[in-house]
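Computed from a predicted model, the values in this text were never measured in an experiment. Every chain is numbered from 1 and lettered A, B, ... according to where its sequence line falls, protein lines coming before strand lines. When reading the values below, keep in mind they use all heavy atoms of this one structure, side chains included, and skip hydrogens, waters and symmetry mates.
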2 protein chains.
Amino acid sequence: MKLKLPEITVYRLALYLRVLERLSREGRELVRSEELARLCGVSPAQLRKDLSFVGTFGVRGVGYQVRSLERELKRILGRDRIWHLALAGLNELGKALLAERRLQEKGFRFVAVFDWREEWIGKVIHEVYVYSLEQMPYLVKESEIEIGVITLAGEKAREMVQALSRSGIRAILNLGPEPLEAPRSDLIFRHADLTLSFDLVSFALSSGYGSVR
Amino acid sequence: MKLKLPEITVYRLALYLRVLERLSREGRELVRSEELARLCGVSPAQLRKDLSFVGTFGVRGVGYQVRSLERELKRILGRDRIWHLALAGLNELGKALLAERRLQEKGFRFVAVFDWREEWIGKVIHEVYVYSLEQMPYLVKESEIEIGVITLAGEKAREMVQALSRSGIRAILNLGPEPLEAPRSDLIFRHADLTLSFDLVSFALSSGYGSVR
DNA sequence: TGCTGTGAAAGTCTTCACAGCT
DNA sequence: AGCTGTGAAGACTTTCACAGCA
């Protein structure tokens with residue numbers, strides 16, 4: 001339970017799992033570190049070292065069983081269960097997340113949207129009901145919502161962080177364009193901004209950098 | 001022009017710029033490394049070291065001029081110009097990107113959508129015209145499109161990579177859920193998958209990890 | 001005085017290269 | 001024979017602590 005691994009390793013384990021899920025769908029039974037690494041854009045040594053942090057899954061001289069490695073990584077990443085999520089504040093990116101079947105399939109299930117605008121409350125977006133902020137504490141508890149997702153920026157984003165925190169949520173994923181300050185240290189708090197990757201591309205293009213990753 | 005800095009530093013420079021843009025909007029003139037670092041969730045030494053890779057912008061004993069640091073970082077990141085983008089393949093996430101005013105404001109302008117489905121071709125989504133794949137080589141050249149954005153997965157995603165590459169695009173940003181193989185090494189190629197950050201949160205929750213970043 | 005810029009030290013991550021097993 | 005698992009070496013990144021300057 002108290003597994004301590006580098007954050008970058010966790011990120012890559014999730015990436016390996018993506019590719020394993022695909023190989024598994026395609027019916028592959030066995031994969032070697034060299035191929036899986038190439039598909040993920042990392043070195044074989046990196047892949048084997050990452051796996052060695054969390055267990056020993058391969059067979060020497062043979063490779064890895066796709067299904068069993070997939071199952072083990074799911075367990076390690078906490079992807080062997082259903083998580084209940086709430087979207088705090090509705091915008092286009094938020095709607096895209098609600099519509100994303102792939103997230104549902106992976107066990108990330110949005111069970112509520114919270115918004116402050118009267119005209120949205122009571123509506124149903126991609127099968128998820130929109131509630132007012134007043135209902136948040138009750139619903140977080142009753143629906144066992146553990147992860148709050150924010151796609152907004154600015155003052156509204158900060159209000160949502162406060163509301164989620166006070167409602168007893170366990171984790172907040174900030175997908176908006178600004179870093180926000182964590183309200184409490186016992187709350188898991190991540191910032192992942194899609195739009196930053198546009199800046200990385202623009203830098204690469206204008207600095208004469210080569211291909212990245 | 002041949003600036004060689006750690007990728008993680010480029011990422012953080014983009015993050016600093018986000019916060020500077022906000023401070024600038026709020027009318028702040030001066031900021032010290034300690035405050036800017038806190039707002040970005042990094043250490044002051046980190047921030048100063050990152051900046052030292054690309055120049056010297058501060059005044060000792062005083063701090064940084066918000067506007068001039070903002071301008072310098074924009075120049076370094078290639079954000080002092082307009083970039084023309086194409087969306088290759090339309091889905092919910094793609095529509096959300098087209099609608100994202102913040103990207104436009106930052107100089108990332110979608111000028112075309114390409115799709116293989118007859119029923120979409122000729123439509124206009126969030127003011128952007130949908131073209132067929134046949135028109136891609138011509139339009140990439142005529143409209144000076146340098147960055148292709150993909151939000152799809154699977155076989156369609158791989159087809160789009162091929163089509164973009166053959167049309168002479170300079171960079172591809174893969175926002176879909178699977179890593180893809182780069183078609184050529186002279187093409188800038190990035191994978192940034194929002195859905196991976198959900199796995200990181202799920203790991204943090206189930207491993208008893210503390211707050212992250 | 002006070003905060004930046006930066007060598008040097010500490011810490012972390014990646015790669016190497018081969019032992020260990022099937 | 002062949003591929004994984006892993007200590008040890010090497011590369012890279014972060015932090016420290018203070019010189020340098022307004």
5'-most by nearest nucleotide on DNA chain C - B/Glu34 or A/Val59: B/Glu34
Given atom CG of B/Leu5 and atom P of D/dC12, what is their separation to the nearest angstrom? 14 Å
A/Arg170/A/Asp186 salt bridge by N-O under 4.0 Å criterion: no
salt_bridge(B/Arg158, B/Glu181) N-O dist < 4.0 Å: no
For the residue pair A/Ser33 and A/Arg48, confirm or rule out a side-chain donor-acceptor distance under 3.5 Å. yes
Would you tell me whether B/Ser197 and A/Arg190 have side-chain atoms, one donor and one acceptor, within less than 3.5 Å of each other? no
Among C/dG5, C/dG20, C/dT14, the nucleotide that comes nearest once only the side chain of B/Arg60 is considered: C/dG5
Under 4.0 Å from OP1 or OP2 of D/dG5: is there any side-chain N or O of A/Tyr64 that close? yes
Check every strand shown and say whether A/Arg48 touches a base, only sugar-phosphate, or nothing at a heavy-atom separation below 4.0 Å. base
Under 4.0 Å from OP1 or OP2 of D/dC3: is there any side-chain N or O of A/Arg32 that close? yes
Nearest to the side chain of B/Ile8 - D/dA8, D/dT15, D/dT14? D/dT14
Within this structure, what is the NZ-to-P distance between B/Lys49 and C/dA8, rounded to whole angstrom? 11 Å
Ranking A/Val62 and A/Gly55 by the position along DNA chain D of their nearest nucleotide, the one closer to 5' is A/Val62
Atom pair distance, as rounded to whole Å: CG in B/Leu47 and P in D/dT13: 17 Å
Rounded to the nearest Å, what distance is computed from the OH atom of residue B/Tyr11 to the C1' atom of nucleotide D/dT13? 16 Å
A/Leu30 atom CG is separated from D/dG2 atom C1', nearest whole Å, by 12 Å
Taking only N and O in the side chain of A/Ser33, is any of them less than 4.0 Å away from OP1 or OP2 of D/dT4? yes
Between P of D/dT13 and CG of B/Leu13, the distance in whole Å: 13 Å
Any B/Gln46 side-chain N or O less than 4.0 Å from OP1/OP2 of D/dT15: yes
In this structure, how many angstroms lie between the P atom of C/dG2 and the CD atom of B/Glu35, rounded? 17 Å
Quickly work out the B/Asp50 CG to C/dG5 C1' distance and round it to whole Å. 13 Å
Salt bridge A/Glu105-A/Arg101, side-chain N to carboxylate O under 4.0 Å: yes
